[in-house]
Amino acid sequence: MSHELSKSYEPGAIEKRWAEYWIEQKLFHVSAPTKEDPRPVFSLLLPPPNVTGFLHMGHMFEQTQMDIMVRWRRMRGFLTLWLPGTDHAGIGTQMMVERQLQSEGKKREQVGREAFVERVWEWRRHYGGAILDQMKRLGASVDWDREYFTMDENLSRAVREVFVRLYDEGLIYRGRYIVNWCPRCGTAVSDLEVKHEDVAGKLYEIRYPVVGTNEFITVATTRPETMLGDTAVAVNEKDERYRHLHGRKVRLPLMNREIPIITDELANPEFGTGAVKVTPAHDPNDFEAGLRHNLPQIDVMDEHARMNQNAGPYAGLDRFEARTRVVQDLEAQGLLVAIKDHTIPLGKCDRCRTIVEPRLSAQWFVKVEPLAKRAIEAVEKGYVRFTPENYKQVYLNWMYNIHDWCISRQLWWGHRIPAWRCLDCNTIIVARETPTKCTQCPGSRLEQDPDVLDTWFSSGLLPFTALGWPDATRDLEVFYPTSLLITGFDILFFWVARMIMLGCWFIAPPHRPQRAGDDAKSADDVLRESVPFREVYIHALVRDADRQKMSKTKGNVLDPIEVIEQYGTDATRFTLAAMAAPGTDIAFNASRTAGYRNFANKIWNACRFMFMNLDRVAPGLRPDSAGSRPEAGVRGFEAIALEDRWILSRFNRVAQEVSEALEAYRFDDAARGIYDFFWGELCDWYIELIKPRLASEEGAEKEAAQRACKNLVSLFEAAIRLLHPVMPFITEEIWHALYDGRPPLKSVALAAYPVAQAKQLDLAAEIEMAVLQELIVSVRNLRAELAVEQKQRVPIQIFTEETAVRTLIEQNRGAVERLAGVAKVTFAKDSLAKLSSVRHAARFDVHVVYEKKIDAAVERVRLKKELERIEKEIANVQRQLGNDQFLSKAPAQVVEGLRKREPELAALREKTQSKLQELR
RNA sequence: GCGCGAUUAGCUCAGUGGUAGAGCACUUGCUUCACACGCAAGGGGUCGCUGGUUCGAUACCAGCAUCGCGCACCA
């Protein structure tokens with residue numbers, strides 16, 4: 001790039017070029033360093049996007065925040081690894097491919113398992129690639145050479161390893177239990193994948209005849225169709241109403257089956273009739289009760305939630321049809337007592353919204369309690385820290401109440417469970433590699449379990465498997481535990497919690513003897529080093545401009561690529577960063593992005609201005625960069641004039657603030673700080689102030705112009721580095737241009753991040769500059785009030801009691817005249833209070849000498865309003881100063897402030913009143 | 001049912017125990033030789049309601065209201 005810049009910033013071409021450059025140059029690739037490498041390490045894992053489709057604004061938000069952190073740390077000199085990858089997303093991806101098949105009029109059963117899985121791989125090649133292309137567009141500075149996919153062979157091997165170890169430790173078991181079953185997906189799902197919704201339902205009261213009496217016992221149920229599988233009726237032992245029925249049986253209506261009346265805690269005398277039907281095969285509580293009382297388990301539905309042959313005459317009906325028919329038939333037989341309105345929490349499949357059916361089936365489970373114990377300890381001891389902090393409690397509450405985790409899925413896409421059944425003796429063999437013969441009998445006819453593992457089982461391992469586990473790799477040694485995890489709260493339990501459980505378990509198994517040399521390590525040390533990440537930053541959700549959650553069904557999904565195409569990646573990133581106050585959801589509003597596109601353009605034009613001058617007065621000038629890695633601060637800057645001292649000080653102060661903001665994940669503060677500095681100080685004031693110096697063409701003045709140019713370049717270069725993590729593209733472009741295409745490093749991303757240097761802070765300059773700014777703004781203000789024409793220069797009078805202020809103004813007379821449209825500055829000996837068109841500042845009064853040409857009526861209204869405001873404040877101040885309690889208890893500086901303020905206000909009131917008088 | 005969060009300018013959001021802030025939108029004036037994606041000036045808010053703590057509350061506490069979100073096997 002040369003110094004020839006287009007008149008306005010056009011992000012499209014530039015961004016594409018740099019995105020490709022970064023990848024070609026492998027700028028963000030790191031390999032595990034030698035033991036002598038002194039650099040601190042910063043590592044983090046990209047939460048792998050699902051390969052189910054394209055990235056949405058939420059992904060972009062997440063990646064923007066990660067990229068800011070990563071680029072910042074890298075520039076701060078950390079050995080920085082950001083590990084990218086994608087997730088196979090078992091159930092989701094399978095669903096997409098099934099849908100695709102359906103459009104061809106096919107079902108996966110027709111295609112067959114092997115061919116189906118091949119189809120999914122095809123899908124993955126297509127969409128996985130699309131996602132990675134999008135990430136490149138966002139400028140994510142990941143290490144592309146380490147990209148992983150959760151179904152890669154090495155990761156699959158690690159999954160088998162974990163499964164076998166947990167099984168051997170007795171922490172994985174198989175059994176027939178009630179699980180959440182999605183009849184549409186045809187698989188079990190975990191508790192977390194069921195979303196409960198309160199819906200208006202019915203409570204049916206049904207009479208069951210008691211055998212050998214004329215009595216009935218009335219039970220209540222929300223799901224009458226399950227009565228076909230009833231194997232008992234339960235009453236509470238203490239419930240007097242049913243004491244006489246203990247030991248009796250009832251005849252189950254419709255099925256004509258005798259079932260016992262049992263006493264069990266399951267029946268709550270307070271609820272309904274106090275008697276409850278027991279259906280062990282269709283309800284988790286009933287299942288438990290069934291075990292307590294040794295009841296048969298009669299499953300009346302198939303995997304599609306249609307009634308099966310156990311449902312007698314109802315066989316073949318869908319569960320909801322069956323409900324209607326059962327109710328009709330009961331009513332016909334006079335056994336239906338009542339139908340009452342009842343709100344029921346209905347469980348729906350998180351993936352497809354189908355109503356989940358509790359189903360009895362054989363599944364694999366992880367016994368999580370021992371894992372949870374360590375995962376709790378790690379967080380309670382602060383080895384994993386949450387930001388915002390309240391998520392710590394959310395995490396702990398969940399962990400304290402955790403249930404066993406159903407990990408088997410009746411899907412075809414995913415990691416196949418490494419368990420085989422001997423067809424001869426039914427022995428279950430769990431092994432790392434496919435066994436060839438049975439371990440218990442001579443047989444060799446083995447059949448692998450058809451199920452696959454929950455996707456989160458494998459993603460829960462990623463912090464260590466993506467670094468090469470189970471092999472003892474150098475990567476693991478260096479990069480584990482990772483430094484940080486940035487993710488959304490929606491997967492706090494699914495993923496974050498499980499990574500902590502599995503990391504703490506496998507990286508430092510408490511049950512295994514420590515290796516030699518570990519003796520010095522306490523259990524706490526081991527735990528501290530076993531966590532998958534030391535910090536978790538939970539980001540907010542991106543919503544649309546109306547605060548609606550974005551969803552495909554609502555059609556309000558914002559495609560980040562579209563926004564990027566309209567405003568540029570940098571502007572989009574800046575928007576997300578500026579809105580990323582922790583804990584608050586983002587209502588994404590493109591008008592903000594337009595504003596930040598303008599910001600990019602502003603920087604661009606400031607840069608153009610700089611080059612214009614540079615090429616004229618100091619061609620060949622480059623930023624000072626002695627070493628290969630520029631110093632962290634502003635380099636080669638000469639504090640010649642007040643504005644130089646001022647801007648240098650401001651830069652350092654802002655650099656300090658930005659670093660502090662980033663430390664605290666205050667992306668919003670960091671972005672705002674840079675924005676205000678660049679636009680509000682560098683462009684609005686500094687550049688304006690040095691224009692006269694730059695303009696000089698001849699002789700000694702030309703040298704002054706060159707020095708001013710050098711300062712501007714130095715400062716600009718540092719400011720570009722300060723901005724780079726948030727706006728990587730425009731900064732890369734400008735940075736290369738600053739060095740005329742021959743920068744000392746391949747990228748500004750490898751340069752040093754500005755660090756505030758105490759010796760460059762200059763409080764006196766900041767204060768002096770503030771006085772000048774106040775003077776200039778006051779005059780502009782008065783000019784506007786007096787309706788002075790833009791081009792007309794006006795004389796001003798200044799009164800000040802401080803000689804320092806007078807000197808300051810005299811020394812900067814030219815700046816005042818130019819920036820405030822002043823013809824001549826004179827100093828008054830006496831107060832200007834009695835004149836009109838005067839501004840009072842703390843350290844001076846300024847009067848614009850000009851005959852008003854203003855609308856008296858409008859001015860009167862304005863002044864009256866101002867007077868009201870002043871009087872209100874006076875009343876307030878006097879009330880406080882007249883209060884002894886206030887005087888004795890308030891801090892001295894507050895009291896002092898008000899005491900100073902009182903005469904100021906009085907003068908102001910007098911001033912305003914006399915102005916009003918004049919206008920009469 | 002339990003818990004969490006939100007409520008501040010027209011909109012989207014920051015913020016603080018001591019005179020209310022930003023971006024966008026709005027009004028007015030400017031083809032000022034980097035930028036109209038700009039420059040300059042300005043209008044606009046009893047900081048959800050009610051109590052309490054305090055010399056002083058938008059901020060801290062309690063209650064209420066509205067909205068949103070988690071967690072929860074009561075048939």
Side-chain angles (χ1 to χ4, degrees), chain A residues 5 7-9 178 196 203-204 219-223 234 266-268 270-279 283-288 342 344-345 347 358 390-391 393-394 397-398 401 489-490 492-493 541 545-547 549 567 571 575 578-579 581 583-613 668-669 672 675-676 683-684 687-688 691 695 777 780-785 787-791 818 821 862 869 872-873 876-877 879-880 883-891 893-895 897-898 901 905:
Chain A
L5 304 190
K7 195 176 172 189
S8 60
Y9 178 55
I178 296 275
H196 292 275
L203 186 65
Y204 301 86
V219 298
T221 180
T222 54
R223 303 178 57 219
L266 179 68
N268 174 2
E270 310 293 317
F271 188 90
T273 59
V276 60
K277 62 196 261 323
V278 184
T279 323
D283 181 283
N285 294 311
D286 293 8
F287 175 80
E288 294 295 331
H342 187 69
I344 33 183
N390 57 320
Y391 285 106
Q393 206 48 51
V394 176
N397 285 343
W398 186 76
N401 300 304
F489 67 84
D490 50 334
L492 182 63
F493 307 139
L541 222 63
D546 301 319
R547 299 197 61 76
K549 216 169 181 169
Y567 302 107
T575 310
M579 298 188 80
T584 326
D585 284 353
I586 289 182
F588 191 92
N589 197 325
S591 72
R592 283 290 283 266
T593 316
Y596 295 125
R597 174 205 52 193
N598 299 352
F599 177 52
N601 189 55
K602 185 76 182 176
I603 293 167
W604 186 255
N605 274 288
C607 186
R608 271 180 73 208
F609 174 78
M610 174 179 64
F611 285 149
M612 239 177 57
N613 285 282
D668 55 334
D669 284 346
R672 221 190 319 272
Y675 181 96
D676 289 344
C683 291
D684 286 351
I687 288 182
E688 291 306 324
K691 272 180 180 176
V777 168
R780 284 171 176 172
N781 196 310
L782 285 166
R783 286 174 55 101
E785 232 170 68
V788 179
E789 277 184 45
Q790 197 77 14
K791 282 178 185 162
R818 213 164 39 80
R862 195 188 70 80
R869 203 170 55 215
K872 209 168 142 191
E873 200 184 331
N876 195 34
V877 169
R879 186 173 49 76
Q880 295 202 69
N883 184 334
D884 290 341
Q885 298 258 43
F886 171 76
L887 295 178
S888 58
K889 290 185 181 173
Q893 60 183 44
V894 173
V895 177
L898 285 188
R901 184 76 181 142
L905 285 167

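In what follows, chains carry the letters A, B, and so on, assigned in the order in which the sequence lines appear, proteins first and then strands, with residues in each chain numbered from 1.
Nucleic acid contact class of A:Gln393 (heavy atoms, under 4.0 Å, all strands): none. Residue contacts shown for A:Ala267 include a base, since a base heavy atom lies under 4.0 Å away. A:Pro358 comes within contact range of no nucleotide atom at all, as no heavy-atom separation falls under 4.0 Å. Nucleic acid contact for A:Leu203: none, since no nucleic acid atom lies under 4.0 Å from a heavy atom of the residue. Using a 4.0 Å heavy-atom distance criterion, A:Asn268 is classed as a base contact. Residue-level contact check: A:Lys7 touches the backbone only, with heavy atoms under 4.0 Å from sugar-phosphate atoms and none from bases. Here A:Gly274 lies in heavy-atom contact (under 4.0 Å) with a base.
Going from atom CD1 of A:Ile344 over to atom P of B:A75 covers 8 Å, rounded to whole Å. The separation between A:Asn781 atom CG and B:A40 atom P is 13 Å, rounded to whole Å. Taking atom CZ of residue A:Phe886 and atom P of nucleotide B:G56, one finds them 11 Å apart after rounding to whole Å. Residue A:Asp676 contributes atom CG, which lies 9 Å from atom P of B:A22 at whole-angstrom precision. Atom CE of A:Met579 and atom P of B:C24 are 13 Å apart (whole Å). Atom-to-atom, NE2 of A:His196 to C1' of B:G70 comes out at 12 Å; the value is rounded to the nearest Å. For the pair A:Arg901 CZ and B:G18 P, the interatomic distance rounds to 17 Å; values are reported in whole Å. Note: CZ (A:Phe599) to P (B:C24) measures 12 Å, nearest angstrom.
Classified by interplanar angle (parallel below 30°, tilted 30° to 60°, perpendicular above 60°), the ring pair A:His342/A:Phe271 is perpendicular.
Between atom CG of residue A:Asn598 and atom CD1 of residue A:Ile603 there is a gap of 11.0 Å, rounded to the nearest 0.5 Å.
The base of B:A41 lies outside donor-acceptor range of the side chain of A:Gln790, with no N or O pair under 3.5 Å. The base of B:C71 has none of its N or O atoms less than 3.5 Å from a complementary donor or acceptor on the side chain of A:Asn397.
Aromatic ring centres of A:Phe599 and A:Tyr675 lie closer together than 6.0 Å.
Not one side-chain nitrogen or oxygen of A:Asn285 sits closer than 4.0 Å to the OP1 or OP2 atom of B:C74.
In summary, the side chains of A:Asn589 and A:Arg592 do not present any donor paired with an acceptor at a separation below 3.5 Å, with no hydrogens or angles considered.
Geometrically, A:Lys691 engages A:Phe609 in a cation-pi contact defined by less than 6.0 Å to the ring centre and at most 45° from the axis.
Between A:Ser8 and A:Pro284, it is A:Ser8 whose nearest contact on RNA chain B lies nearer the 5' terminus.
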